[in-house]
Amino acid sequence: MKPLPRSFYLRPTLQVARDLLGKHIVRNVGTKLLIGKIVEVEAYCKGDPASHAFRGRTMRNSVMFLEGGHLYVYFTYGMHFCANIVTGKEGDGEAVLIRAVEPLGGIELMTKNRILNHQFHNQQSLINLTNGPAKFCQAFGIARRQNGLDLLDSEISIINGTPIPSKIMKCSSRIGIQHAVEKKWRFYIKGNPWVSRK
DNA sequence: ACCATGATCCGCT
DNA sequence: GCGGATCATGGTT
């Protein structure tokens, strides 16, 4: 399968966020393949006080200002990584956070990755494997090294998956933020068991 | 001081 | 089984 073209990521961020639902994110690890269907995302836009890019470019968020189609990985709460898909043109500073995926392939390695991080000794279920932004990163082995990767030419790519009818797409306020809570910029697939919250 | 989180504990149904 | 409080832990500004 071919990675989605650059043009997919150069469109308005809210549009890209909705269209990412149902797409497959693929991670190459040596000879093995990890595959997840994107089921929950959040958009972070220009002028958005909840966005890491709101106060301008810094060392931490610089990847967010690259051209759409790059991977922005950040470290938070002293122990977790989260991954975003950069959108728009260079300098825009917009991105879409991957909040949850449904594991489709490489589940054994995902489980191993979660256990290696010493944070998967509770509720060791298929749901708990990837139903959150930091859980997804652990399962897929995404950390500092993957910050700035180009999704069109690297060990991580996004390919076409299952088209999601707008009928079963839902939106809500974003999770875990203090500012701009009125923006309904979290999108998810209604009823999918891996969605982190209703 | 503040975090775009996750695991655990505790008090309930 | 749940929902809410609490804590673990370190980088960023």
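All chains are named by letter (A, B, ...) in the order of the sequence lines, taking the proteins before the strands, and each is independently numbered beginning at 1. All values below were derived from every heavy atom in this structure, side-chain atoms included, with hydrogens, water molecules and symmetry-related copies excluded. Because the structure is predicted, anything quoted here is derived from the model rather than measured.
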> Kindly write out the residues that satisfy side chain to side chain contact (heavy atoms under 4.5 Å, CB included) with F81(A), not counting sequence neighbours, or none if the list is empty.
V73(A), F75(A), C137(A), A143(A), R144(A)

> Between dA4(B) atom C1' and K184(A) atom NZ, what is the distance in whole Å?
17 Å

> Quick one: label A50(A) by what it contacts on the DNA or RNA (base, sugar-phosphate, nothing), any heavy atom closer than 4.0 Å.
base

> Hey, what else clusters with I35(A) if you join Ile, Leu, Val, Met, Phe, Trp, Tyr whenever side-chain heavy atoms sit under 4.5 Å?
M1(A), V26(A), L33(A), L104(A), I159(A)

> Rounded to whole angstrom units, what separation is found between the NE2 atom of H179(A) and the P atom of dA4(B)?
9 Å

> Does N160(A) reach the main-chain N or O of L4(A) with its side chain, forming a donor-acceptor pair under 3.5 Å?
no

> Relative to F8(A), does R11(A) satisfy both conditions: NZ or CZ under 6.0 angstrom from the six-membered ring centre, and within 45 degrees of the ring's axis?
yes

> Give me the other members of the hydrophobic cluster that M59(A) sits in, counting Ile, Leu, Val, Met, Phe, Trp and Tyr linked by side-chain heavy atoms under 4.5 Å, directly or via other members.
none

> Quick one: does L14(A)'s side chain get under 4.5 Å of P12(A)'s, heavy atoms only?
no

> Just N and O in the side chain of H80(A): are any of them under 4.0 Å from OP1 or OP2 of dT9(C)?
no

> Quickly work out the F81(A) CZ to dA8(C) P distance and round it to whole Å.
20 Å

> Would you name the heavy atoms of S51(A) and M64(A) that are closest together and state the gap between them?
OG-CE, 3.5 Å

> Rounding to an integer number of Å, can you tell me how far K135(A) NZ sits from dA4(B) P?
18 Å

> Could I get a table of every N or O pair under 3.5 Å where one atom is in the protein and the other is in nucleotides 10-13 of chain B?
none

> According to the ring pair (Phe, Tyr, Trp, His ring centres under 6.0 Å) rule, which pairs have a member within residues 165-198 of chain A, sequence neighbours left out?
none

> Want to settle it: does Q178(A) or N131(A) sit nearer the 5' end of DNA chain B, counting the closest nucleotide to each?
Q178(A)

> Contact list please: residues 89-99 of chain A against DNA chain B, heavy atoms, distance less than 4.0 Å, in numerical order.
L97(A), R99(A)

> Calculate, to the nearest 0.5 Å, the distance between atoms OG1 and CZ belonging to T111(A) and R114(A) respectively.
9.0 Å

> Keeping to residues at least two apart or across chains, list the ring pair (Phe, Tyr, Trp, His ring centres under 6.0 Å) pairs with something in residues 157-177 of chain A.
none

> Is there any ring pair (Phe, Tyr, Trp, His ring centres under 6.0 Å) pair reaching into residues 126-171 of chain A, and which pairs are they, with sequence neighbours excluded?
F136(A)-F140(A)

> Quickly work out the L129(A) CG to dA7(B) C1' distance and round it to whole Å.
16 Å

> Go through Y74(A) and R60(A) one step at a time and tell me if the side chain to side chain contact (heavy atoms under 4.5 Å, CB included) criterion holds.
CA-CA 7 Å; Y74(A) 68 89; R60(A) 180 205 204 194; 3.7 Å; yes

> Within this structure, what is the CD-to-C1' distance between E40(A) and dA4(B), rounded to whole angstrom?
11 Å

> Mind checking which stems touch DNA chain B? I mean at least 3 consecutive Watson-Crick or G-U pairs, both distances under 3.5 Å.
B:1-3 with C:10-12, B:5-12 with C:1-8

> Check the interface with nucleotides 10-13 of chain C: list each N/O to N/O pair with the protein under 3.5 Å, or write none.
| residue | atom | partner | partner atom | Å |
| --- | --- | --- | --- | --- |
| dG10(C) | O4' | G78(A) | O | 3.3 |
| dG10(C) | N3 | G78(A) | N | 3.3 |
| dT13(C) | OP1 | T58(A) | OG1 | 2.6 |

> Please state how far atom NZ in K198(A) lies from atom C1' in dG3(C), giving the value in whole angstrom units.
14 Å

> For residues 152-169 of chain A, pull every pair meeting salt bridge (charged side-chain N to carboxylate O under 4.0 Å, His left out), keeping only residues two or more places apart or in separate chains.
R27(A)-E155(A)

> With sequence neighbours left out, which residue pairs that include part of residues 175-187 of chain A fulfil the salt bridge (charged side-chain N to carboxylate O under 4.0 Å, His left out) condition?
E40(A)-R186(A)

> Could you tell me the separation between the CG atom of N84(A) and the P atom of dA4(B), rounded to a whole number of Å?
11 Å

